[in-house]
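Reviewing the structure listed below.
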Amino acid sequence: MAWLDALRGIAALVVVFEHASYSFMAEFRQELMPQFNTGRYGILVFFLVSGYIIPASLERRGCVRTFWIGRVFRMYPLWATAVAAVLAVNLLGLSNMRDFGGQGAATVSVAHAGLLQELLGTPSVLLVLWTLSYEMAFYLLVVALFTVQLHQRSAAVAVTLAVLAAVSVAAGVTLPASALSGLVGTGLLIGLASGALVVAICCASSGSPALRVFGGVLGGVLALVLVPFNGTVPPWEGLIILAVMFLGTAVHRAEKGQSSWWWAGCTAAVVVACAVVSAYWNSDEAPFTRQGWILAFLLAVLTFGVALASRHRRIPRGLIWLGLISYSVYLLHPVLLAVSDGTIGRWPRDNPVLVLAFFAVLLPLCALTYRYIEAPSQAWGRKLARRVAPSRRAPVEHVHPKKPQVRPENSTVPETEAAPETEAAPAAEAAPKTEAEAETHAPV
């Protein structure tokens with residue numbers, strides 16, 4: 001898993017640099033962005049890593065309930081910390097809160113609570129939270145496939161989503177951002193979708209097979225409706241994001257021998273081709289040029305491929321450490337940038353020294369949040385998951401005692417003692433595999 005940590009560390013640094021360039025490298029950013037969209041590059045690497053490890057985490061547990069517990073304790077504690085921090089910065093007057101288009105505090109809170117706010121017509125209180133909405137949609141689809149026992153079809157799902165993206169562009173399908181919210185109303189959609197999300201997770205986590213299937217399918221349908229029809233990115237890009245994550249899953253299955261490398265390679269070729277064609281036809285609108293997006297996508301896939309090929313090599317400890325704290329780096333750097341912009345302001349000319357100084361403050365801060373927030377919350381999640389996990393005790397094989405032989409009357413054969421009644425030792429309880437490795441390395 002060290003190579004995945006390295007990828008996450010690299011992706012986090014690239015995303016931070018992309019956002020920090022607004023404040024400290026404005027001239028360089030103006031020249032770079034039309035050629036190479038650094039932010040999309042980092043995000044796509046994160047999505048590939050998520051696709052590689054998240055379905056494997058669910059399948060290793062074999063339990064939807066413990067999967068969701070792991071996800072909640074992995075994501076929410078630091079998420080709550082970051083949201084509280086940005087609210088505090090706003091109250092101190094160091095930054096301005098984003099415009100929520102007249103939505104009330106209760107509506108915004110409900111939309112954020114399920115992490116689907118970006119797919120419900122609600123701007124994220126913290127800009128980078130938009131990716132968590134697509135992560136949540138991916139989780140819902142993974143659970144849906146698992147409950148209907150189609151989770152091995154990751155490659156087919158990736159190909160289908162990518163082809164749908166290309167077809168939508170070829171057919172000229174264009175929708176405004178948050179189209180469903182504009183059609184039925186943001187508040188109503190938030191209420192319906194949030195209720196469906198709670199029902200889907202609770203039912204999929206239940207002990208009833210019928211309810212599990214119902215909950216899984218409901219969550220999957222919710223994701224497939226929201227991503228293309230109510231996202232803030234174009235429909236084709238939302239579908240490509242999901243296809244990229246399932247491509248990561250297809251690669252994992254090939255690496256573990258669950259499918260062939262030939263099939264994984266064909267899947268990658270289709271996803272890459274559909275993504276490039278879709279972007280070429282439909283992504284020349286500001287602020288991202290088609291070249292910048294396509295180059296970012298191709299380099300993200302190439303980076304993942306090189307890392308995969310080098311997975312058996314020794315990985316520098318520094319990159320592994322960056323991977324461990326990457327979630328903190330990703331969520332907290334916008335808060336620190338808000339403080340910087342509110343105190344020293346944005347610099348009109350490039351200043352690499354300030355970029356280095358920003359990283360020098362950010363990384364130790366993230367090391368602290370990982371140690372005192374992320375790591376303990378993950379440990380609590382593992383403890384709770386072990387308590388609620390279904391019993392894995394193997395059935396005890398009952399061994400019936402032999403009947404004592406009765407010596408026939410007048411027999412000259414000496415009577416032997418009956419064999420003592422024996423009780424088979426109960427089979428050892430299968431120790432549930434620890435989620436420490438998965439939760440430590442699982443991308444968000």
Side-chain angles (χ1 to χ4, degrees), residues 9-43 46 78-103 105 108-109 111-112 115 117-118 122-133 177 232-233 286-289 292 296 322 325-370 373 444:
I10 293 171
L13 291 182
V14 172
V15 172
V16 172
F17 176 79
E18 196 270 339
H19 291 154
S21 65
Y22 283 102
S23 300
F24 310 124
M25 300 286 289
E27 295 173 328
F28 179 76
R29 174 186 175 79
Q30 189 174 4
E31 295 184 7
L32 177 66
M33 280 299 295
Q35 310 300 323
F36 177 48
N37 189 332
T38 52
R40 280 297 191 271
Y41 165 82
I43 293 304
F46 273 128
L78 187 65
W79 170 89
T81 301
V83 170
V86 76
L87 293 177
V89 169
N90 176 258
L91 289 175
L92 292 173
L94 297 177
S95 68
N96 296 321
M97 187 64 67
R98 299 187 70 185
D99 181 16
F100 294 106
Q103 297 181 33
V108 173
S109 300
H112 278 77
L115 302 183
Q117 73 285 338
E118 200 73 15
T122 301
S124 298
V125 66
L126 195 61
L127 181 62
V128 295
L129 295 181
W130 76 269
T131 60
L132 298 189
S133 295
T232 52
V233 301
F288 307 125
T289 67
L322 283 174
I325 66 171
S326 61
Y327 187 41
S328 286
V329 171
Y330 184 73
L331 287 191
L332 296 183
H333 81 270
V335 180
L336 193 58
L337 279 174
V339 174
S340 171
D341 291 345
T343 52
I344 65 175
R346 294 187 173 184
W347 291 64
R349 304 187 64 85
D350 293 348
N351 195 328
V353 174
L354 287 179
V355 175
L356 295 176
F358 180 79
F359 277 105
V361 175
L362 175 66
L363 295 182
L365 172 65
C366 294
L368 291 175
T369 55
Y370 174 79
I373 298 176
V444 175

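- Listed by chain and number, the residues in a ring pair (Phe, Tyr, Trp, His ring centres under 6.0 Å) with Phe100 amount to none (sequence neighbours excluded).
- Under the rule for a side-chain hydrogen bond (donor to acceptor under 3.5 Å, both in side chains), Thr38 has no partner lying at least two apart in sequence or in another chain.
- Residues in residues 94-103 take part in these side-chain hydrogen bond (donor to acceptor under 3.5 Å, both in side chains) pairs, two or more places apart or across chains: Gln103-Thr122.
- For the side chain to side chain contact (heavy atoms under 4.5 Å, CB included) test, residues two or more places apart in sequence or in another chain that qualify with Ala12 are Phe46, Ser326, Val329.
- Legend: residues meeting side-chain hydrogen bond (donor to acceptor under 3.5 Å, both in side chains) with Thr81, ordered by chain and number and at least two apart, are absent.
- Legend: residues meeting ring pair (Phe, Tyr, Trp, His ring centres under 6.0 Å) with His112, ordered by chain and number and at least two apart, are absent.
- Take Arg346 and apply the salt bridge (Lys or Arg N to Asp or Glu O under 4.0 Å) test, not counting sequence neighbours, and it matches Asp341.
- Applying the salt bridge (charged side-chain N to carboxylate O under 4.0 Å, His left out) test to residues at least two apart or on different chains, the pairs with a partner in residues 348-360 are Glu27-Arg349.
- Applying the side chain to side chain contact (heavy atoms under 4.5 Å, CB included) test to Leu354 and every residue at least two apart in sequence or in another chain returns Phe24, Trp347, Asn351.
- With sequence neighbours excluded, no residue forms a side-chain hydrogen bond (donor to acceptor under 3.5 Å, both in side chains) with Ser340.
- Residue pairs meeting the salt bridge (charged side-chain N to carboxylate O under 4.0 Å, His left out) criterion with at least one member in residues 353-366, sequence neighbours excluded, do not occur.
- Residues that satisfy the side chain to side chain contact (heavy atoms under 4.5 Å, CB included) test with Val86, not counting sequence neighbours, are Val125, Leu126, Val335.
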